[in-house]
Asks: 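Would you mind keeping the following structure in view while I ask a few things?
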Protein chains: 2
Amino acid sequence: MVKLVKTDSTEEKILISAKKNFLKNGMAGARMQDIADEAGINKALLHYYFRTKEKLFEVIFREAASNFFPQLEGIISAEAPLSEKIQGFCSAYIDMLLQNPFLPMFVLTESNNQPQRFRQKLWKNRGHLFMRFAADVNNEIKKKNIKPVDPGQLFMNMIALCIFPFLAKPIWQMTTGMGETEFRRMIEERKKIIPQLINDSIKK
Amino acid sequence: MVKLVKTDSTEEKILISAKKNFLKNGMAGARMQDIADEAGINKALLHYYFRTKEKLFEVIFREAASNFFPQLEGIISAEAPLSEKIQGFCSAYIDMLLQNPFLPMFVLTESNNQPQRFRQKLWKNRGHLFMRFAADVNNEIKKKNIKPVDPGQLFMNMIALCIFPFLAKPIWQMTTGMGETEFRRMIEERKKIIPQLINDSIKK
DNA sequence: GTCTATACTCGGATAGAC
DNA sequence: GTCTATCCGAGTATAGAC
């Protein structure tokens, strides 16, 4: 996809600043003043470009949401054994999350607050990745290569194990006294642990 | 524990209403007016009892947080094989979550917003349950009854699998078109699936 | 303890000059 | 397109009567 806006344009500066602020504080917590300050402009100009806070938020949210279920069609569609796909998916997904640690919390909280209609429009037909995955799983079941399992539960397990530590990070660090590097090491470790767990659970 | 406040006292009515509102909308989203309305009183009286919104919030938050890592010492301390404890823990935890579906989202989001100092005070020494569990696991490892695994990762996996579906519920329902009863059935199913998964992962 | 009325603050939005 | 100045509503908090 081609970037239609120059990196140093005012609009782009606003979007960068807005993304940072919204991801950190959510729609309710973010302040137009802060967004303006960080973009090096004033509030009036924000409204000139995006009319309202809500409209600005929507732009950021849409993009974030589209990344929540990652675009890993590449891995899922590849010609490879299921177990390797699972391995590749988890590893790549965790890497993405490491680079966007606020993404899960943001998408989950804000999804709750959106009105029903908007939510539907946003998430409907977003299930391509999952359906592709489910087809793979069902196929392997039919070929009797793996145990008969519910692909939905399998997918839920996989993303739960990948995402949850990022959500619980602050609490986890508090209760265990874990520092930044230790936490990181634990996450890295999970790139091996999770595929192992998932693959073991379907192995015949 | 003895309830010090009569159920129909004004204070109790406020607390019930506040809990409902805070859990649903979070600290930022909740409105003192709504809390007052639902308690059948006016705003002024809220402040009479709890001085500020923040103080009222703290009361609710403390109680919610103390339930997040559940008090299942009963199960964990029991004289039973580890596999049965895991089974019992997951099942009881999920039942608790079914009765408090907003709890996970609330505790996680609000924990992020608390200042460092308060967070520490709140979560420090909250790790009894986990330490007890870790001791059990290490013991079984020493006796060569199970594979050598990191108890931390094991515990993380267990709670991730239990909690995450409640966090992702709205998104999950949107993408899959799942209704209320189907979602419930899926959760019920997980009471069996999760212990199986966890126990299989440590079985020799 | 409970109410009505009001003060105060914060933050999103707009007017209008340049 | 960008700025300064200002408005205005929402929402927390308080004063003071009963």
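In the text below, chain A, chain B and the rest are named by the order of the sequence lines, each starting its count at 1.
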Asks: What is the separation between atom CZ on B:F50 and atom C1' on C:dG1, rounded to the nearest whole Å?
Replies: 14 Å
Asks: Taking atom OG1 of B:T175 and atom CZ of A:R126, what is their separation to the nearest 0.5 Å?
Replies: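 Spacing of OG1 (B:T175) from CZ (A:R126) equals 10.5 Å.
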Asks: Look only at the side chain of B:S201 and the backbone of B:I198, and say whether a donor-acceptor pair between them is shorter than 3.5 Å.
Replies: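 Answer holds: yes.
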Asks: What's the closest nucleotide to the side chain of B:A44 if the choices are C:dC3, D:dT4, C:dT14?
Replies: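 Of the options given, the side chain of B:A44 lies nearest C:dC3.
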Asks: Tell me the interatomic distance from B:I41, atom CD1, to C:dT4, atom C1', rounded to whole angstroms.
Replies: 14 Å
Asks: Check the distance between D:dA13's C1' and B:I35's CD1 and give it to me in whole angstrom.
Replies: 14 Å
Asks: Toward the 5' end of DNA chain C, which comes first, B:Y49 or A:A28, by nearest nucleotide?
Replies: B:Y49
Asks: Which nucleotide sits closest to the side chain of A:M32: C:dG12, D:dT2, D:dT12?
Replies: C:dG12
Asks: Rounded to whole angstrom units, what separation is found between the CG atom of B:L45 and the P atom of C:dT2?
Replies: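 The answer, rounded to whole Å, is 5 Å.
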Asks: Between C:dG12 and A:K43, counting only base atoms on the nucleotide and side-chain atoms on the residue, is there a donor-acceptor pair under 3.5 Å?
Replies: yes
Asks: Is A:H47 near enough to C:dA13 that one of its side-chain N or O atoms lies under 4.0 angstrom from OP1 or OP2?
Replies: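 It does, given that an N or O in the side chain of A:H47 lies less than 4.0 Å from OP1 or OP2 of C:dA13.
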Asks: Find the distance B:Y48:OH to C:dT2:C1' and express it as a whole number of Å.
Replies: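 So the OH-C1' distance, B:Y48 to C:dT2, works out to 9 Å.
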Asks: In whole angstrom, give the distance that lies between atom CG of A:L56 and atom P of C:dG12.
Replies: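 A:L56 atom CG is separated from C:dG12 atom P by 11 Å.
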Asks: With sugar-phosphate meaning primed atoms plus P, OP1 and OP2, does A:A30 contact a base, only sugar-phosphate, or nothing at under 4.0 Å between heavy atoms?
Replies: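 Sugar-phosphate, backbone atoms only, no base.
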Asks: Specify the separation, in whole Å, of atom CD of B:E54 and atom P of C:dT9.
Replies: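 It works out to 17 Å between those atoms.
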Asks: Between the main-chain N or O of B:S111 and the side-chain N or O of B:R119, is there a donor-acceptor pair closer than 3.5 Å?
Replies: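 Yes; at least one donor-acceptor contact below 3.5 Å.
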Asks: Assess whether a salt bridge exists between B:R31 and B:D37, defined as any Lys/Arg side-chain N lying under 4.0 Å from an Asp/Glu carboxylate O.
Replies: no
Asks: Are any of A:T52's side-chain N or O atoms less than 4.0 Å away from OP1 or OP2 of C:dG12?
Replies: no
Asks: Rounded to whole Å, please give me the gap between NZ in B:K53 and P in C:dC8.
Replies: 21 Å
Asks: Which nucleotide sits closest to the side chain of A:N42: D:dC3, D:dT2, C:dC3?
Replies: D:dC3
Asks: Taking only side-chain nitrogens and oxygens of A:R51, does any of them come within less than 4.0 Å of OP1 or OP2 of C:dG12?
Replies: no
Asks: For A:D95, does its backbone N or O pair with a side-chain atom of A:K191 as donor and acceptor, under 3.5 Å?
Replies: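 Judged by distance alone, no pair lies under 3.5 Å.
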